[in-house]
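Report on the structure given below.
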Amino acid sequence: ERMKLFSAFVALCAASSGVTGFAGVGGPATRAFSQASRSALFSSTATDMKSSLATAANEARGLAMDSIAAAASGHMGLPLGAAEVGAVLYGDQMQYNPADPTWINRDRFILSAGHGSMFAYSWLNLAGFDLPMDEVKNFRQHHSMTPGHPEFPNSEHNTPGIECTTGPLGQGVANAAGFAASEKMAAARFNTADHKIFDHHVFALCGDGCLQEGVSHEAACFAAHEKLDNLIILYDSNDVTLDKMADYTQSEDVGARYEAIGWDVLTIDGHDIDAVTKAVADAKASKNGKPTLIICRTVIGKGIPEIEGTNAAHGEAGVKYVDGSKSGIGLPDEKWFVSQGTRDFFKDVQAKNKATYDEWQGTYKAWKAANPDLATQLENGVAKNFPSADEMFKKIPDLKAGTEATRVSGANIINNIAEMIPTYISGSADLHGSCRNYINDGGNFGAGGADKTYAGRNLYYGIREHAMGSIMNGFGYHGIFTPSGSTFLVFADYLRATIRVAALAELPVSYVFTHDSIGVGEDGPTHQPVETVSGLRVIPNLDVIRPADAEETVGAYVASVDRKDGPTALIFSRQNLDQNNGVDYMVRREGTMKGAYVLKKESAALDTIVIASGSEVQHAMKAFADSPSVRVVSMPCMERFDRQSADYKESVLPASCTNRIAMEAGVSAPWYKYVGLEGKVVGVDKFGMSAPGDIVMKEYGMTAENIKSVVGK
């Protein structure tokens, strides 16, 4: 019956438009329905749709109740409070195909309030994604597809339909700005006058916690300034946070704040399906250059009277009331109940979406035939099908660099990388000029003006490091472009939370962190990172590369784009460094790819190994140039070295030689892994000082003379 109504509705729309292909034998389509008949059928179809969405919303509530009760763990409030929002998005307003969850023109949905993960899992199951009911029942269990917070598909597991890893509040809405920017960039670079292959929207659902986190405001300002009108944030406004009711800690008018920074703001009853539908449809239709915030006034934990509307719903407190509450929302006692009507309804939704998908596939095929070079760029970008490391090395000649900072070396190398990888993009938190990571002739990304277009490859984030990291992750999740972004190393902690998530989600993004040590000099200890490199090294699945010269910088950049399963932090100096041009350039490049290598081999029986990284390698090479029994090892990346074979590691750091000394202008602790407890580390275990960089370095023992005296050879 539902399909009959749907078909009649389609026929009615055609008839109302004068499309005669839907006419009956009795006459033209325009005679098929009287005005009264049209009104009645519209009303009937709308009522049927609304009823189906309302039923699906309550059944999604039931799935969340049962899964959280079974796990005796999880957040009950949002899946129950925002159920109508989910019904409208998945049942009516979003463009997606569960049979192809990575379709590049699908609408994206991000659950920024990741603690409400059963919201996502319930709707993915109902919408037909490959998330079986057994996995819904297995919520928060070992190796399940339904972890406690949503996790982007990675080497550990794959949950189709999850667009990004969320849980740290504020990250999802900031990621969404990155998704939206990436879609704008893709449309500008790949759509043509004849074929539009990118025109999707980005939706994110958040709560008060996300909007209290500062990163959400940073990203909201960026989104408004760059006119990302393809971005729609739905704010589950229920007046509740975990500890207290929201008014205990906030009194601002969130809508007024967003209007002030350039967003459209709509306030609705989040349980009114008609209101949610109209608000989302209006936001999608808007092309006024403003992202949209839809404030959905909801009741947290709706459906369980004992907890609804209170901060007790912000967890699993409602578990003991689940069984007694189901009848109140029209559900039977059966666990994980989904009616056949709801299953049939979503089959109809899938059919509608499949028709859209099939039409897009035809457009894509025609676009690809007309634009083979663009198609190759796009498909290589999605697949991360880049030239191999060897191929990239061959295209970058021996630099034969003179004395220069590694940030200066990087200024040229990033352009080599950008030329070889058209989907590689750059950005900076107001420090392109200092960090030297600008893509020449790449253009600047943005909403227009003197030199901005959405096709630009250089993003200007403003002084918003945290948002930069989140937006870069959004680009990474979106999957077309490979992002990099820069700031001073000392500010890495401003975006540390985003680096951690990138590592967890295995995103191939890279960070260009310059001004890497006490060598910064006159700016003083506030700008001299001593603990930051080591602090980054402890993040699992993050490669931290601190090259010693221009050729190691080539190796570092190539390593960053050759890696497909996690992020890379490139650590560059402000001050000039000597080059190690006495060693073949390919030895230095390939050695960097391996994380560590013998830069100066002993000419007599091996007695001592000196290990150094970055700017300290020059001192080790100078100090022991004439020491026949001393080996100098450059170790730009501990993580890459640790992944090498046992044989290779033994060839660089033979176990038989225990007399080892490490040198780095940073805290000493990580180096004891390589020198042993009997070894020595020449490091910096206190904050720096304000003075010219060479003086600071000398005061802290970062000289050839000092390392020579420590080793004594």
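One-based numbering along the sequence shown. The figures that follow rest on heavy atoms only: side chains count, while hydrogens, waters and symmetry mates do not.
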For residues 464-483, which side-chain donor-acceptor pairs fall under 3.5 Å, sequence neighbours excluded?
unit_1	atom_1	unit_2	atom_2	d
Arg464	NH1	Tyr461	O	3.0
His466	NE2	Gln171	NE2	2.9
Ser470	OG	Gln171	OE1	2.6
Ser470	OG	His466	O	3.4
Asn473	ND2	Thr498	O	3.0
Tyr477	OH	Thr165	N	3.3
His478	ND1	Ser182	OG	2.7
His478	NE2	His200	NE2	3.1
Thr482	OG1	Lys384	NZ	3.3

*Non-neighbouring partners of Phe641 that pass ring-ring contact (aromatic ring centres under 6.0 Å, His included), sequence neighbours left out*: none
*What closest approach, in Å, do Met593 and Ala389 show between heavy atoms, and which atom pair accounts for it?*
CE-CB, 3.6 Å
*Go through the structure and list residues passing ring-ring contact (aromatic ring centres under 6.0 Å, His included) with Phe386, not counting sequence neighbours.*
none
*Got a sec, which residues hit salt bridge (charged side-chain N to carboxylate O under 4.0 Å, His left out) with Glu552, two or more places apart in sequence or on another chain?*
none
*Would Glu664 and Arg537 pass as an ion pair if we require N to O under 4.0 Å?*
yes
*Does one side chain, of Gln528 or Asp523, offer a donor that lies under 3.5 Å from an acceptor on the other?*
no
*Checking side-chain contact (heavy atoms from CB on, under 4.5 Å) against Arg457, which of Asn440, Ile439, Thr423, Asp441 comes through?*
Ile439
*Quick one: list whatever passes salt bridge (charged side-chain N to carboxylate O under 4.0 Å, His left out) with Glu419, sequence neighbours left out.*
none
*Indicate whether the side chain of Asn288 and that of Asp229 have a donor and an acceptor atom separated by less than 3.5 Å.*
no
*State which residues pass ring-ring contact (aromatic ring centres under 6.0 Å, His included) with Tyr557; sequence neighbours excluded, sorted by chain then number.*
Phe572
*asked:* Does any part of the side chain of Leu228, heavy atoms only, come nearer than 4.5 Å to the side chain of Lys184, both counted from C-beta?
replied: yes
*Please walk me through it: do Tyr454 and Met185 pass side-chain contact (heavy atoms from CB on, under 4.5 Å)?*
CA-CA 5 Å; Tyr454 287 132; Met185 184 181 288; 5.5 Å; no
*Using a distance-only test with no angle check, is there a side-chain donor-acceptor pair under 3.5 angstrom linking Asp685 and Ser668?*
yes
*What is the ring orientation for His201 with Phe203, classed by angle as parallel under 30°, tilted 30 to 60°, or perpendicular over 60°?*
tilted
*Pair Ser486, Ser428: side-chain N/O donor-acceptor within cut-off below 3.5 Å*: yes
